[in-house]
Each structure stands twice: as structure tokens, then as C-alpha cells.
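What follows is one structure encoded as C-alpha cells, with my remarks underneath.
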Amino acid sequence: MNKGCSLGALALFTVGSCSHVPALAADLGDSNSVGWADLGGRAAQGVHGVVVLGAAAEPEYEGAKEYIPIPQFYTNLRAMGLGLEIKGPEASLNLRPVAPFQFGPAVKYRMGRDNVSNTVIDRLDAIDGAFEAGGFVAYQFNSLFSQSDVFEVSAELMTDLSGVHEGTSGKVRAGYQFSATERLGLGLETEVGFASDGYMNTYFGVTGAGAMTSGLAAYTANGGVKDVGVQATMTYNMTDRWGLVGRASYTRLLGDAADSPIVKDEGSADQFKAGMGLSFAF
């Protein structure tokens, strides 16, 4: 989740994953996430922001080698000195959207794993969707090399409230965005993800019963560093209000996540995501 969900994450373009999660809002005085260029200075009165609708492709589940197309929705709104970011099933409230130091609460619905296309993984116990809550902190450095650039470091932490994995996961990110031309904005972001025993064993572990039904080896996944990733974002302003947004990311699963038979035998440690959308600023 990004200062609203996660610094690199728009469900659209975490792609994945508050996963996530960017905020398109240099023009809102709230570049909640790296990779979003100015869409054309909105008046700082009343409710203003940006909405993005698009489509993306991402792994069917964490660690999968099969990909699925998904619709995407993202919005970042500013009103009454607050910033609200909604990125698919993730949402966050930025309590200090125009300050260098930003923070706020966040919530997320993490999709479960059931009826997947991989017949071996589908024999494992189904995993329900999880409701998570937590928050983010971020610090922005503006105008380092040019008037329009932003360098941001951030961290997010989310905890399961629904009893699905009963664990905690989070990310630490660093990203840089700048305006390449008057219309074109570019951004690059790196991140490191980590998770607790409960999270790791739920999504990457194989129980004895699961081993019997699937043929995979029984496996217990322990907490620690889960992955590293890099994301690139592009925005192009077609008019003062309408624009195009594209984002592509690569994540490499590490440690017990990568060693899981769910990933090693039936999936892939290399996770790619990409999406494109149409944006409207108001």
C-alpha cells in the first residue's frame, strides 16, 4: 500500500500488490507514490484528484507461473487537507499529504487462493480472502536535480484481522520520479518485502494433508525477507485532464517463498506484472 496504499502500488500499477501502491498526485501536492508525473495543476479548493481505469496482467496467485487479466481501478482524492487513495481492494488515508513526512492508516482485502488453473495447486486446501489493516510512513525529498523531481522512501506494515493467515507483511521502498518532458513523466522504484511465519506458511507452506492430495512435498515456510522488486511507471498527459498511465514490475521471490514446492515445482520465483490505464484529473 502506498502512502495511501503503498509507494508503488496502484492495484493497477502494484500492479499487485498493496502491493502497493502509487499515488498519482504531484499536481495534488501529494506524490503519494513514485512514478506519477504532474497531470496539470488542479485548483487546491474543494475535492480534487485523479481517477484511473485500465487493465493489467498479473500472476494468478503469489508464486504462480500462470497469468490472468484483471480490470483495474485507482483514485487519489484530496479534500480538507487529507489524501484518500483507493487502489482496487486497498485503501489508505494520508494524514499529511503535502508535508515531506507523511503517514496514515491503511486497509486491504487480500485475495484468497481457490479454483486456480494449476491442477496440482488446486488440490491444496483453499485459502480464503483476508482482511488486513495497518499503515504507512513516507518521506519525500523534492527538487533534488530538477524542479519537478521527487525522491521518496517509505515503509508499510499490514496485519491480518480475519484469522486467515494471522500474520504480518510489509515493504520498504525507495523511488524516484521526474518529468522527462512537459507531457511525459517517468518513475523508477525498488522495494523489499518481508512477512511473518503465519503469512509465509499460509501462502507458501504445504501441510501433510496437502502433500497427500497434491503430490507436493510437505513444507513449512518461515518468516523473513520474502521478495525484492523493481517497478517502472510512465504517465503521458494527452490534455490538461486526460492522460495515459503505464506500469510494469518485476519481483523475485526469495528465501522460504522461493524454496516452497508451490513455487519451485509448480510456479515461478520470477513474478511479472504490467498494466495500462486512462486517467482523468479534476
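Position 1 is the first residue of the sequence, and the numbers go up from there. Values below: every heavy atom of this structure, side chains too, minus hydrogens, waters and symmetry copies. Since the structure is predicted, the reported quantities are computational estimates derived from the model, not experimental observations.
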Inset, instruction - Could you please spell out the steps behind the side-chain contact (heavy atoms from CB on, under 4.5 Å) verdict for W242 and L278? - result: CA-CA 7 Å; W242 294 95; L278 181 67; 3.7 Å; yes

Inset, instruction - Could you give me the CA-CA distance, side-chain angles and deciding distance for V52 and F280, then say whether side-chain contact (heavy atoms from CB on, under 4.5 Å) is met? - result: CA-CA 6 Å; V52 181; F280 178 75; over 6 Å; no

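- Between Q140 and Q102 there is a side-chain heavy-atom pair separated by less than 4.5 Å.
- S214 and R123 make their closest contact through O-NH1, 3.6 Å (heavy atoms, listed as atom of the first residue, atom of the second, distance).
- At least one side-chain heavy atom of V116 sits less than 4.5 Å from a side-chain heavy atom of Y61.
- Residues E85 and T75 bring no donor and acceptor atom of their side chains to less than 3.5 Å of each other.
- Side-chain atoms of N118 come within 3.5 Å of backbone N or O of E266 as a donor-acceptor pair.
- Atom OG1 of T202 and atom CZ of F204 lie 10.5 Å apart (nearest 0.5 Å).
- Within the 4.5 Å cutoff, no side-chain heavy atoms of N142 are placed close to those of L144.
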List, one per line, each side-chain donor-acceptor pair under 3.5 Å for residues 157-165, sequence neighbours excluded.
from: T159; atom 1: OG1; to: T168; atom 2: OG1; distance (Å): 3.2
from: D160; atom 1: OD1; to: S162; atom 2: N; distance (Å): 2.9
from: D160; atom 1: OD1; to: S162; atom 2: OG; distance (Å): 2.7
from: D160; atom 1: OD2; to: G163; atom 2: N; distance (Å): 3.2
from: D160; atom 1: OD2; to: V164; atom 2: N; distance (Å): 2.8
from: D160; atom 1: OD2; to: H165; atom 2: N; distance (Å): 2.9
from: D160; atom 1: OD2; to: E166; atom 2: N; distance (Å): 2.8
from: S162; atom 1: OG; to: F131; atom 2: N; distance (Å): 3.0
from: H165; atom 1: ND1; to: G167; atom 2: N; distance (Å): 2.9
from: H165; atom 1: NE2; to: E132; atom 2: OE2; distance (Å): 2.9

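- A pairwise comparison of heavy atoms in P59 and F272 identifies CD-O, 3.3 Å as the closest pair.
- Remark: side-chain polar atoms of S279 are paired, donor with acceptor, to backbone N or O of G243 under 3.5 angstrom.
- In this structure, the side chains of V192 and V225 come closer than 4.5 Å at one or more pairs of heavy atoms.
- Of all non-hydrogen atoms in M200 and A257, the two that sit nearest each other are CE-N, 3.5 Å.
- D122 contributes a side-chain N or O that, together with a main-chain N or O of N115, makes up a donor-acceptor pair within less than 3.5 Å.
- When atom types are taken as modelled, the side chain of D256 and the backbone of N222 share a donor-acceptor pair closer than 3.5 angstrom.
- F178 and Y236 fall within a single hydrophobic cluster, where Ile, Leu, Val, Met, Phe, Trp and Tyr are joined by side-chain heavy atoms under 4.5 Å apart, directly or via other members.
- Put simply, the side chain of D149 never gets that close to the backbone of Q177: no donor and acceptor are under 3.5 Å apart.
- Side chain of R183 to main chain of N237: a donor-acceptor pair is present (N/O by atom type, distance under 3.5 Å, no hydrogens or angles).
- Proximity of a side-chain donor or acceptor of R113 to a complementary backbone N or O of Y203 within less than 3.5 Å is detected.
- The salt bridge (charged side-chain N to carboxylate O under 4.0 Å, His left out) contacts involving residues 204-227 comprise E62-K226, K171-D227, where partners must be two or more places apart or lie in separate chains.
- Between V230 and R252, every side-chain heavy-atom pair lies at or beyond the 4.5 Å cut-off.
- For the pair Q231 and R247, the minimum side-chain heavy-atom distance is below 4.5 Å.
- Not a single donor-acceptor pair under 3.5 Å links the side chain of S179 to the backbone N or O of T181.
- V206 pairs in a side-chain contact (heavy atoms from CB on, under 4.5 Å) with only one of the listed residues (D125, I262, D265), which is I262.
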Inset, instruction - Decide side-chain contact (heavy atoms from CB on, under 4.5 Å) for T235 and L184; before the verdict, give the C-alpha distance in whole Å, the side-chain angles of both, and the deciding distance to 0.1 Å. - result: CA-CA 6 Å; T235 62; L184 178 66; over 6 Å; no

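- Remark: the Y176 side chain and the E152 side chain contain no N/O donor-acceptor pair separated by less than 3.5 Å.
- What you find for F282 and V50 is that their closest heavy atoms are CE2-N, 3.9 Å.
- Under the 3.5 Å distance criterion, the side-chain polar atoms of N201 are left unmatched by any main-chain donor or acceptor of D197.
- Using a 4.0 Å cut-off between a side-chain N of Lys or Arg and a carboxylate O of Asp or Glu, E191 and R173 qualify as a salt bridge.
- Judged purely by atom type and a 3.5 angstrom limit, T213 uses its side chain to pair as donor or acceptor with the backbone of G210.
- What you find for A174 and V153 is that their closest heavy atoms are CB-CG1, 4.1 Å.
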